[in-house]
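Notes for the one structure printed next.
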Amino acid sequence: MARAFTPKVLTANRLLEGDVIYYSANGDWVTSHDDALYLTDEVQANELLAACSKLSEYLVGAYLANAALEDGKPVPTHFREEFRTRGPSNYHHGKQAEV
Amino acid sequence: MYSYNEFDKDFIQTRVKQFRSQVERRVDGSLTEDEFKPLRLMNGLYLQLHAYMLRVAIPYGTLNSQKMHVLADVADKWDKGYGHFTTRQNIQYNWPKLKDVPDMLQALADVEMHAIQTSGNCIRNVTADHFSGAAKDEIEDPRPTAELLRQWSTDHPEFAFLGRKFKFAVTGSETDRAVIKAHDVGIQVVKNAAGEIGYKVLVGGGLGRTPMIGKVLREFLPREDLLPYSEAIMQVYNALGRRDNKYKARIKITVHENGIEKIQELVEERFIIQREAFAGYDQELFKDIREAFAAPDYLKAPTTAFDEAVNSDPIFRSFADTNLFEHRNPDYAIVSISIKKHGQTPGDATSEQMRVMADLAKEYAHDELRISHEQNVILPHVHKSHIPAIHAKLREHGLATANIGLISDIIACPGMDYCALATARSIPIAQQIATRFDELKLEHEIGELKIKISGCINACGHHHVGHIGILGLDKAGVESYQITLGGDGSENAAIGERAGPGFSYTEIVPAIERLVGAYLEVRTSADETFLETYRRLGSAPFKAALYPETRVAAE
Ligand code: SF4
C-alpha cells in the first residue's frame, strides 16, 4: 500500500527581501502561514513545487513543508517551520514584530 | 593600525563592482539561483531561515573606531540596528535585502572592509589571539604573521577551490586564547634554544561532526619559511584531501586517515621545492607589515585614579576583577567589554553600543578595538587612569557586565533563531542560563566556567571545547540538548565527553543548575575550578547530578 501523504504547504523565501513566503489558496505568495494553501494531494503538491523553477526571479529555495489543520487553518508540525512563521525567539523582532 | 596597500584597495573596490553587476543580473533574471549562489557566497551573503545574512570579515579581530562606526552605520541603514559578533571574529548582519547588499559592501569597502573569504572552500579569514600586541605573556604580536598569511591566501589561484573550507589561527603566546588546536592549521610563535623566533605548526584540528585536536607538524619552523611551508601544507591537502564525501574532506580527516608521519613526510618534501620559489620578497613585506603593527605611544601618567576607584567603588572593583587583564605595560590594562549582559543574545551589539565602544576606543584606547572569538569586544590598550571613566560610560549603555570568563559569558551560535542549518535553538538557552545564575547570585562564587552552545553538529558554538558543552539536536521533531563535560579550548585543549541522554528545551537549564550545584558541593575549595574538579574526579559526580533517576534505579 502506498504511504499516506502528509499534508504540506509550499514555502520559499522572497528573492529580493529574503522573507519567508507561502503559496496561498488565491494563487499568490503571502507571508502568513494562516493563508497558505493546505495541500493534501501529493500530485498537486509536487506539480506546484516543480512550477517554482519558473519563478526564479521572484523566489529562492522553494520546498514543501509538513502541516496539519487546526481550526480550519494550516499549522506547521515541526518547530523549525513554526519559527519560520514568527521570526527569532531571542527577542521580539522580525516577522512577529511586523504583523 | 595596518592599512591596506593600493593593490588590496583596488581589489576590494573591484569586487564590489563585480558583485553589484551580479546582483543586477540575478534580479533581472539573467542569472539563475544556481548560477548566482556561489557568487553571493564568495561575497559573504547567505540565505538563512528568515532572511539573507551578510557575514563581514574582521581580519584577526582588529578594528579601529572608524571601522566600528561604519559597522554601526551599516546596521542602522540597511539592517535592524544591530550586528552579531561571531566565534570567527566576524560580524553578521541578519536582515539585509538583496538589492542593498552592494551598497553595504561599498560602504564597508570604503573603510577597507569586505566579506571576502568568509564563505566557501577557500582559506578563510585568519583569526588570532584577541589580546595580540597587548598581552603580557606574549612572545610577539601574532597579527603581522596573520596579515602575511592573509595577503598570501587572498585570491590565491591554487587554493580557490579546495576540497573544503580551511582555517588558520595564530597565537603569539603559550597561553592559547585563539583555540589554535581546533583549527586546520594552528600557528604559535615560539622561541628556540638559540633565542630565535619562529613558529610551532599544528595541523588537523577542528570541531564539527568529527572533533579533533590538532597535532604538531613542526616543533620549530624558522620565521622565513612560513609561507613556503604553509604552501606545502596546502598542496599536500589539495592532493590528498578527499573530495568524494564532504564530511570527510577537512584536513583533520586527511591527517587522521594518513597519519601525521606521512603528512609530515609529504609536507617536508613539498616544502624543499616550494622554498626555492620564495626569494625573500615575503620577508621584505613582513618587515613593512610589522611596522604597521607597532605598539602605540604609551601614555606616562599616574594610575592613582584607578587605585582609588578600586578601593572606593565595589561595582568598579567587581568589573576590574573579571574584565581586566594584564598588559605588557604595567600602567596599562586590557579591558574586555562584555556584550553578554544577563538575558541578552551573546555577541549582539546595537548600533548605539558599537558607537559608544568606538568612541571610547578613540578617546581612551589608542583607537583600537578587538573582537574575541568568545564574542566580546576588547579595548587592548587602556591606561589604567582612564578605566573608571570608561566603566562609567559602559554602564550607561548596558555594557559594563562584570562576567568575563564566568558562567554567563557563554558562547552561543545563532542556532535555529537564524541559521538555516540548525537542528535546535541555542541563543535562548544561553539567555536562560545567564538569567538564572544571575538570579541565584552565584556566578562569582562559581568562578571560571565556560559554557559553549551550538545549534547543530557543525559546532560553530565550539561546544566540544566548552567546560560544559551543549549541543542542540532535533530528536524526532523535538529540540533536544546533549551535554558534554570537560572540554577545553586552551593550550591544554580537550574534547568534552558526552554525559548521557539529551534534555528537552525545558529540562536543560535545570540540568545545568544541578550540574553546577554538584560542582559546588564536591570542589575542594573556591580555588578549584569546574574544569579542575572534573579532571580530578571524572564525570561520575556530575552524571549523578544530571541523571538522579538512574542513580535511584541502580541502588
Ligand atoms: S553550529 Fe549549526 S546552528 Fe550553529 S551557526 Fe553553525 S551551522 Fe548554524
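All figures in this text were calculated on a predicted structure; none of them were measured in a lab. Letters go in sequence order (proteins before strands), and every chain restarts at 1.
Ion pairing between B:Lys80 and A:Glu98 holds under the 4.0 Å rule for side-chain N and carboxylate O.
Heavy atoms of B:Ile427 lying under 4.5 Å from chain A belong exclusively to its side chain. Contact annotation for B:Pro96: only backbone heavy atoms (N, CA, C, O) come within less than 4.5 Å of a heavy atom of chain A. Using a 4.5 Å cut-off between heavy atoms, B:Tyr82 touches chain A through its side chain atoms alone. Only the side chain of B:Gln431 has a heavy atom closer than 4.5 Å to any heavy atom of chain A. Contact of B:Asp348 with chain A is made through the side chain alone, with heavy-atom distances under 4.5 Å. The part of B:Gln48 that comes within reach of chain A is its backbone (N, CA, C, O), which places non-hydrogen atoms under 4.5 angstrom from that chain. Contact of B:Val478 with chain A is made through the backbone alone, with heavy-atom distances under 4.5 Å. Residue B:Ala420 touches chain A through both its backbone and its side chain, counting heavy-atom pairs closer than 4.5 Å.
The minimum heavy-atom distance between A:Phe79 and B:Ala424, with the atom names listed, is CE1-CA, 4.2 Å. Residues A:Pro88 and B:Tyr418 share a closest heavy-atom pair of CG-CE2, 3.6 Å.
The shortest distance between side-chain heavy atoms of B:Asp474 and A:Arg80 does not fall below 4.5 Å.
Within residues 20-38 of chain A, the residues approaching chain B closer than 4.5 Å by heavy atoms are, in numerical order, A:Val20. Chain B is approached within less than 4.5 Å, heavy atom to heavy atom, by A:Asn13, A:Arg14, A:Leu15, A:Leu16, A:Glu17, A:Gly18, A:Asp19 from residues 9-19 of chain A, ordered by number. Applying a 4.5 Å heavy-atom cutoff, the residues of residues 42-67 of chain A that approach chain B are A:Ser56, A:Glu57, A:Leu59, A:Val60.
No more than 12 heavy-atom neighbours from other residues, nucleotides or ligands sit within 6.0 angstrom of CD on A:Glu70.
For B:His50, there are no ring-ring contact (aromatic ring centres under 6.0 Å, His included) partners, not counting sequence neighbours.
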